[in-house]
Amino acid sequence: MQKLFITSVIALIFNVAMAQNNTYWVFFTDKNDTSFDPYEYFDAKAIARYEQCGADLYDISNYPVNSTYVNTVSGYCSEVLGESRWLNALGVDATAENAALIAQLPFVAKVQQISSEWVEASVVTTDEEVEIDPDNILTDQVKRFGGEYFLAKGIDGTGMRICVLDGGFPGVDTHPAFKHIRDDHRIIATYNFPNKKEDVYGWSSHGTMVLSCIAGINADGQKMGLATGAEFLLARTEINPEPFKEEIWWEMGAEWADKNGANVINSSLGYGKQRYWTKDMDGQSYVAKAANKAVEKGILICCSAGNEGDDRHWMTIVTPSDAENVICVGGINDDLDRYRHISFSSYGPSADKRMKPNVVAFGHAQVAAPSGGFTEADGTSFSSPLTTGFAACAWQTRRDLTALQMKDEIEKSCDLYPYFDYAFGYGVPQAAYFTGDIEEKVPLFNLVQEKDGIRITFKEIVENQYVFISVEGDDGVLLGYYQTEAKPRGIILKNKDLGQGKKLNVSYCGSYATCPVSGNGDEICLLTDEKTSHNGTMPNIRKENWQSSFYIRYDVILPNNTWNVSNHLALGLRSLYGKAYKLGFGISFDFNNFITKDSIPEVIYVNSRKTTMKNTQIRLELMQRIEIIRNGLMWDLGVYGGINCTRNIHLVEKVKWYDENGNQTHPYNEKVVTNLRGCKDMNLFEYGINTRLYYTLLGQINLGVSGTYRLSDVITKKDPIIGTPDNNPSPWSVGLEVELLF
């Protein structure tokens with residue numbers, strides 16, 4: 001009965017896991033019987049933006065979703081998350097069975113399951129307050145843009161309206177970093193999409209730190225972001241944990257920003273490897289389509305590139321930064337002298353080989369701490385808002401430009417332009433470009449065509465200035481790139497090293513040169529001494545889909561009336577397929593050691609006896625793994641079956657000899673009797689249930705606690721040494737596991 005109950009519970013858990021509610025977009029066929037008045041729906045600033053960029057206020061994408069369709073679909077759903085005018089769709093939670101029924105409705109074009117999880121920047125903060133130089137009015141993170149040129153001309157984003165989509169804004173309503181914004185009543189609107197209310201001043205502190213990089217002022221009056229004069233729309237679109245719904249809320253947040261007159265949207269989050277494959281980062285996700293739609297309607301969007309730069313299985317960016325019209329922002333080190341890629345910042349290109357990231361900014365920044373002070377944090381979450389603040393100021397100088405034109409101008413302002421690569425994009429945007437203070441650069445190098453290659457010669461070598469080199473193919477896709485120091489004798493690039501490249505691009509100290517490549521080599525193999533090298537190819541998709549690991553597990557088998565605490569050791573290999581939900585199998589060698597408790601002697605000279613059973617198994621495991629929360633916490637549930645390949649039983653008798661009066665006559669000794677019993681007394685097969693809870697460290701190591709319930713018996717027959725099957729060891733065991741991913 002107990003076995004039947006346990007088996008039923010496990011079956012139920014598996015069935016529940018497979019029949020749970022999923023999140024879907026339900027797309028409708030039309031917007032029949034709907035009406036729309038843009039002058040009632042849109043904020044006056046939104047109407048002005050539409051007119052300025054030539055977008056159509058009466059475009060069908062602005063019309064509401066048909067309410068009859070919404071009400072009908074709602075009857076099949078456990079929750080309605082929200083509507084999207086732009087997509088003509090409804091975001092819902094429903095079972096797979098009900099989703100299939102919804103798809104049959106005559107006004108439903110299709111039903112698409114959403115499989116994404118947001119990733120905010122890897123936020124690593126310090127525990128100490130930042131030391132601030134009161135003699136400087138700008139922090140280094142805005143000086144890197146040449147922010148002093150904006151400051152000198154009073155350009156601070158005045159008249160621009162910025163929407164921040166994030167996970168919460170605790171302290172923004174009280175923190176001194178935002179006092180100037182509150183005093184001028186420049187927080188125009190707020191909305192909390194998960195909770196369907198206006199309050200956003202709680203939850204994740206990520207949004208607070210992000211906002212400070214757009215417009216914050218620290219305790220000594222230094223600008224942490226450039227757009228201190230802008231207006232703001234604050235939208236909470238993310239919750240923790242929640243693996244499915246954020247794309248719906250992001251889309252709704254973008255439409256809300258459009259309605260409320262936003263000029264710029266900052267998205268310091270994205271959706272990537274937790275749910276998508278690298279091949280999906282091609283600008284075709286629904287959130288990327290929504291981002292492009294926003295740009296069509298005159299909104300400039302800055303989005304973090306992602307923090308997967310150290311993950312060699314994910315050599316691309318995250319969506320929606322993969323959208324064609326979005327400014328994808330990567331990260332560099334926080335150094336005004338040395339121009340270095342910051343290790344965690346994601347590399348481009350997009351999956352369809354478009355140039356990403358577009359620009360870069362500091363990936364280590366001073367930010368406002370929700371506690372009321374100031375701290376520092378890492379992540380492309382901060383390079384994006386730093387760029388957003390810059391973009392608002394730049395656009396203030398050229399209000400006649402559309403969002404797409406402004407994106408092009410920001411790229412042209414960068415300090416590497418027209419050079420680009422997949423680590424730096426076009427480089428860091430520069431304020432001097434927009435204020436008319438650009439200085440003519442004197443070229444400090446030449447490209448010299450030689451018989452067997454190209455030589456870079458230097459007229460002058462500048463300390464801490466690096467040479468940026470990239471090689472393009474016929475289609476404009478980079479075959480390779482790297483960053484190196486200038487050398488007095490120059491840099492020689494042999495034809496055989498340039499491979500199939502057709503064009504060499506070089507940038508040094510603000511000047512750029514290019515020349516054709518005439519080499520006939522098989523592949524590019526530019527040497528490098530830095531992580532910024534990348535061969536431009538996408539990772540193997542099969543390798544990305546499958547995740548393999550080696551693991552070591554140690555368990556203790558719990559005691560019962562007959563048996564002491566025993567132990568179990570396993571060494572194995574495991575392979576899983578999937579993203580946040582994975583299915584997989586494993587094989588292991590397992591070693592068990594069962595020890596009985598002391599028994600009461602039947603003869604006077606035997607003090608005690610103890611039996612030890614040892615067996616070695618080959619186990620096969622089938623399992624499912626669910627990522628139950630972001631940041632690496634996972635839960636496994638699986639079944640296993642094993643074959644005992646070696647078995648033995650030791651009877652140990654502790655003996656002391658006594659005379660008839662009870663006096664000891666011989667020294668203490670132990671008598672060991674070994675019985676190799678094969679399948680006579682120990683089960684050939686073992687099977688049961690495994691469960692584990694893991695936490696991931698450094699992206700490659702899973703540390704977990706495990707539990708096992710054995711459904712089979714260890715002892716199968718009556719045995720004079722051990723006893724009957726009723727005296728089997730406990731089926732329960734608990735332990736620790738270390739899993740190394742490769």
Side-chain angles (χ1 to χ4, degrees), residues 118-132 139-145 164 166-171 177 204-214 216 218 222 224-225 238 240 266-270 272-274 302-312 314-315 317-318 321 328-348 357 359-371 373-390 423-425 428 530-532 630-632 696-700:
W118 76 292
V119 182
E120 61 185 28
S122 298
V123 179
V124 181
T125 60
T126 64
D127 295 326
E128 300 179 356
E129 289 293 307
V130 177
E131 293 186 7
I132 298 167
T139 53
D140 284 356
Q141 60 207 39
V142 294
K143 284 181 182 178
R144 187 60 182 82
F145 295 98
V164 182
D166 220 287
F169 303 88
S204 172
S205 61
H206 188 259
T208 304
M209 293 186 281
V210 164
L211 181 60
S212 68
C213 289
I214 300 175
N218 65 29
Q222 290 180 309
M224 302 159 69
E238 319 296 325
N240 186 5
N266 182 79
S267 175
S268 284
L269 45 93
K273 66 181 182 180
Q274 281 71 20
C302 295
C303 190
S304 299
N307 298 320
E308 285 72 41
D310 293 321
D311 185 346
R312 293 302 176 181
W314 183 271
M315 291 301 292
I317 52 175
V318 297
S321 69
C328 172
V329 187
I332 58 173
N333 279 334
D334 58 327
D335 193 325
L336 292 177
D337 298 320
R338 297 171 65 85
Y339 201 156
R340 311 298 279 172
H341 174 267
I342 200 164
S343 64
F344 55 74
S345 180
S346 291
Y347 294 91
V359 304
V360 290
F362 279 5
H364 179 88
Q366 181 188 142
V367 298
S371 61
F374 298 89
T375 185
E376 295 179 348
D378 289 331
T380 57
S381 269
F382 309 113
S383 56
S384 179
L386 288 170
T387 304
T388 293
F390 174 91
F424 297 96
V428 181
E530 295 298 332
K531 287 185 178 180
T532 51
R630 285 191 304 276
N631 302 324
T696 302
L697 296 176
L698 305 176
Q700 297 293 117

I'd like to check the side-chain hydrogen bond (donor to acceptor under 3.5 Å, both in side chains) partners of S383; sequence neighbours left out, ordered by chain and number. none
Set of residues satisfying side-chain hydrogen bond (donor to acceptor under 3.5 Å, both in side chains) with respect to S345, sequence neighbours excluded: none
M209 side, atom CE; H206 side, atom NE2 - distance, nearest 0.5 Å: 6.0 Å
To the closest 0.5 Å, what do you measure between CD1 (I317) and CG (N307)? 13.0 Å
Give, for atom OH of Y347 and atom CG of D310, the distance between the pair rounded to the nearest 0.5 Å. 7.5 Å
Please tell me if the side chains of I342 and I332 come closer than 4.5 Å, counting only heavy atoms from C-beta onward. no
Could you pull out all residues at least two apart from S346 that satisfy side-chain hydrogen bond (donor to acceptor under 3.5 Å, both in side chains)? E308
F362: which residues meet the ring pair (Phe, Tyr, Trp, His ring centres under 6.0 Å) condition with it, sequence neighbours left out? none
Would you say the side chain of F390 lies within less than 4.5 Å of the side chain of V428, judging by non-hydrogen atoms? no
Pairwise distance CD1(I214) to CE(M224) - rounded to 0.5 angstrom: 11.5 Å
Residue of the set S268, S304, C303 for which side chain to side chain contact (heavy atoms under 4.5 Å, CB included) holds with T380: S304
Calculate, to the nearest 0.5 Å, the distance between atoms OG and CZ belonging to S205 and F169 respectively. 11.5 Å
Sequence neighbours excluded, which residues qualify as side-chain hydrogen bond (donor to acceptor under 3.5 Å, both in side chains) partners of S321? none
Quick check for you: to the nearest 0.5 Å, what is the distance between F382 atom CZ and E376 atom CD? 11.5 Å
Please identify each residue that fulfils salt bridge (Lys or Arg N to Asp or Glu O under 4.0 Å) with D334, with sequence neighbours left out. none
The side chain to side chain contact (heavy atoms under 4.5 Å, CB included) partner of Q366 among V142, T139, T375 is T139
Flag side-chain contact, heavy atom, 4.5 Å: E238 against D166: no
